[in-house]
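The structure appears below as structure tokens.
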Amino acid sequence: MNNAELNPIKDRSMVESAVVGNKGVLRAQLIDGFKRDKFIIFCFSLLLVYLLASLFAPVIAPFNPYDLSQVDILDAELPPLWEEGGDPRFLLGTDAQGRDMFSTILYGTRISLLIGVGAVLLQTLLGVAIGLTAGYFGGKVDSLLMRIADIQLSFSTLMVAIIAAAVFRAAFGEELYGELAVVILILVIGTVEWPQFARTVRASVLAEKQKEYVEAARVMGFGSSRIMWRHILPNTLSPLLVIFTLQIANAIIAEASLSFLGLGMPVSEPSLGALISSGFEYIFSESWWIAVIPGVVLVLLILVINLLGDWLRDMLNPKFYRM
Amino acid sequence: MKDRQELPVIDDQEVLSNTGQSLGKKIPLVSDTLPLLQVKELKKNFDLSGDLLDQFRFRGGRIIRHKRYIHAVNDVSLEVMPGEALCVVGESGCGKSTVARLVMGLLRPTRGSIYYRGQRIDKLSEKALLPYRKKMQMIFQNPYASLNPRMTIDQALLEPIRFHNPDMTEGELRERKSEVIKSVGMDPSWGNRYPHEFSGGQRQRISIARALMVDPEFIVADEPLSALDVSIQAQVLNLLRKAQQQRGLTYLFITHDLAVVEHFGSRVAVMYLGTVCEVAATKTLFSTPKHPYTQALLSSVPRLWDDQPRHISLPGEVPTQIGQPKGCVFQGRCPHANDRCRRYSPQLNAQSDGSLVACHGIEEGRI
Amino acid sequence: MALLEVRNLEVSFRTREGIIKPLRDVSFTLNQGERLGIIGESGAGKSILAFAILNLLSRPGYISGGQVLFDNQDLATLSEKRLRSIRGSRVAMIFQDPMTTLNPVMTIGQQMIESLRAHRKISRKDARVIAIQKLKQVQIPSPATRIDQYPHELSGGMRQRVTIAIALLLDPLLIIADEPTTALDVTIQAEIISLLLDLCVSNNVGLVLITHDLCVLSQMTRRMIVMYAGRIVEQGPTKEIINDAQHPYTQGLINALPQLSIPGTELKQIPGAVPGLQHVPSGCAFNPRCEFSMDICTRVEPGFTCSGGCSVACHMVEELVNSMGEDL
């Protein structure tokens, strides 16, 4: 082995920074990378379709699945249009109660995304505040907060959610739970998974804190909270963006799992998970579409979000980035 | 000559009891005016022992709490007179940057005191320090790290002045900003750009402008040139000198580059392993260096037209100072060290030409 | 006899903004045992030159033109296998940061013995003897114990000594040293300079010293090259250039040194900044910063003019030399 060969070219970083510039060019670099990658454009468009569909669900959907007066039990278990016996009114068929599958899926996606985004926003809020505090102040504060994070991580989301839901039902009854299910799910999933954010933010803060611009801000006499939120936080956003995306997928899965187990959204207001669950008993009785179609919709949604998250991570990671 | 009995060395142990002993040593003033900044017997230890659990050791059948410290700064006393540029020079690990950060209140001293215009500032709260923050500013080494990448130049420049002068009108702010930014040789119309759009030299100008925005009278510059290209170093050095003349600034200039010191400094303090070994007017120091370390340092600087390097060779390398130092910090590498040097640490003593030297050998006339 | 001859070397980097050329039209020769200094600021392409000489550039950089003749073989076109046998054994490299060369999980001895045995058929025992002898040559105290230590157990100066020992291991004909003393303190730097100098002289090894420090260069080399924005702007005997630089950039570099001006006065400065690789000005790359810039400088890249013992790429010098020729 000769010593020269052990060395990667040192000037690489110099050349790269000369060519690529740094952070500010990031946006241009992201857009550029985006334009090149046809697959990512496809993923992004698909996500956009999901978002628009769930946002305008009341407009798009031919039926309102929550309005029992529009539902006729005689329409139950009609197959999708392309199957034999399909009804032109119901594009994707109907479920066991006679609800239009297409409308129900639209509304279900809406609920799933709402819970996913809501829970992750809550996670972000908690995680960023805790991570910033731990990273910036360090020492005992840091040790304490990170131990709490460790403890929090040792509970599985599902376990906490199951207990919380059960306690709530026992205390306030099924009816109130049905009304507040969305809020409760957001709260439970949101509070359980904040350590992910806290750890990432803390790690970035520890790195940023070493940099001289933080010292410069301290020399100016700025207070801790100003330095934390206005100076350090904006510089930790890139890794946050990545987990933000990936955590939405996780939150949707968590919600779907809970609903599938019958602990999430009630049948009257089904999310994608609840839909799959309600269709599951019919899967072997020829009415496969009740479970399979929402299942495909869910898997596709998760896949698209995860792919976008991974792509973001690669783009934001300078080591991955190649010219 | 006052000889101080060296404290018993308790290795790897923090000794808190020697505050009672007076280590006080009058340093004669160079001029009659009051010093702008005064640092007295400053000491800074960095704890290396880690978590509480890591500190407990099982030794000789007993559990002992074991703490280790790096003595980064040891009994440093300095005075900076108004209008001068005091250069602190030394090799890496000599504690010069720690002194800068202690003076600016970025680190809290383990012991000792710092006075600004006669007022003690080292024990003040962040809030009580605010008026001093306007007077004392700092310029950093790395222009790529000292500007927040997510803030435009305008934001970076205006934030401190808005913070310190909340009643300034928008017009006054703009005026001040364009005055300062012109004075550092930049175009005020570049204010909406981000730091990454500028070269290293330009960024260093911007961080100088940021320091000048609050109209300080005292600037601590921590190696402001070492990250810059040679042709840019001259630009920044000229800029610092111009700012000094126009605004009557006083500098505490931290550097390892002796050529810069010779050109820029009015007085020089040479540091080695956390202690000051020589303080002298620049001319005196470069013409007649006294401390053996200063001599070796000066002879090591490569010069142009110098085919045969004739430097004073020092055995060994700068050690890391863990534990209370014993004897003179330089004795391990000093060609003149004797038994006294190994046991007692020397104090700064005034010489006939006004310089201060901490060396037993010079005291005794051996060197 | 020329040991190393670089002819019109050009290096390109493929980037998404197109191809950039951090190195253009670089030619020089180095004789056996000669010491050559290459000086330039960041972005001048001096480190890329070091890598290009050994054909060590990795993606996205590649040699896009010219030849590197070492011992009459063109390294730019040689197969990887042949290159490997030349690198390390006949040409060695020393870097700024010793830790990039030293493997942190192997003892110094293991690394030295491995390099030796990769190039020569000798026993472990003999290799160890040679290794210890080389460590002694670089004045490492008690080499027989040091050899079994790991790099992190050594101080910065000791590590750089070890990398020099490794470089000398196979008795190379040429050492390429890329900023070998930049990371070191002045007192250590002085030691390493005199050590490297002694070793080169006593072993008759050629040295290409890449540095940004004119003072270090002036102490270590007889000939020098000044680079700016990927091109050689001035080349000649070190003494001659330092005493009487022809190119305005070289003059600026020398005048900007604080040690040459009267303390307390304004330093002579070069205005502006080093251009980025993708924004190299047309014509003479230095023209926006040059006080003597003429109309032709913005349009035509200057060729090399011989002036005294130096070759200079500058229109002004060219005119000057031409007019002097006419006067005669």
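Just so we're on the same page: letters track the sequence lines, and every chain starts at 1. Computed from a predicted model, the values in this text were never measured in an experiment.
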Who wins among B:Met136, B:Glu126, B:His164, B:Lys127 for the most heavy-atom pairs under 4.5 Å with chain A?
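Heavy-atom pairs under 4.5 Å are most numerous for B:His164.
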
Does atom [atom1] of [X] have more than 12 heavy-atom neighbours from other groups under 6.0 Å away?
{"X": "A:Phe44", "atom1": "CZ", "result": "no"}
{"X": "B:Glu175", "atom1": "CD", "result": "no"}
{"X": "A:Lys209", "atom1": "NZ", "result": "yes"}
{"X": "A:Phe155", "atom1": "CZ", "result": "no"}

Gap separating the CZ atom of A:Arg218 from the CG atom of B:Leu106, nearest 0.5 angstrom
5.0 Å

Enter the distance from B:Arg210:CZ to A:Met220:CE here, rounded to the nearest 0.5 Å.
5.5 Å

Please classify the contact between [X] and chain A as side chain, backbone, both or neither, with a heavy-atom cut-off of under 4.5 Å.
{"X": "B:Met138", "answer": "both"}
{"X": "B:Phe140", "answer": "both"}
{"X": "B:Arg101", "answer": "side chain"}

Set out, in order, the CA-CA distance, both residues' side-chain angles and the distance that settles side-chain contact (heavy atoms from CB on, under 4.5 Å) for A:Glu212 and B:Gln141, then state yes or no.
CA-CA 8 Å; A:Glu212 286 170 341; B:Gln141 173 174 5; 3.6 Å; yes

Is B:Pro195 close to A:Tyr213 at the side-chain level, that is, under 4.5 Å between some pair of heavy atoms?
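SC-SC contact between A:Tyr213 and B:Pro195 ruled out.
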
Any side-chain heavy-atom pair of A:Glu215 and B:Met104 under 4.5 Å:
no

side-chain contact (heavy atoms from CB on, under 4.5 Å) between A:Arg226 and B:Phe163: does it pass, once the steps are laid out?
CA-CA 11 Å; A:Arg226 189 192 189 97; B:Phe163 182 81; 3.7 Å; yes

Using a 3.5 Å distance criterion without hydrogens, assess whether the side chain of B:Arg150 forms a donor-acceptor pair with backbone atoms of A:Asn235.
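Checking the backbone N and O of A:Asn235 against the side chain of B:Arg150, no donor-acceptor pair under 3.5 Å is found.
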
What closest approach, in Å, do B:Ser146 and A:Ala216 show between heavy atoms, and which atom pair accounts for it?
O-CB, 4.2 Å

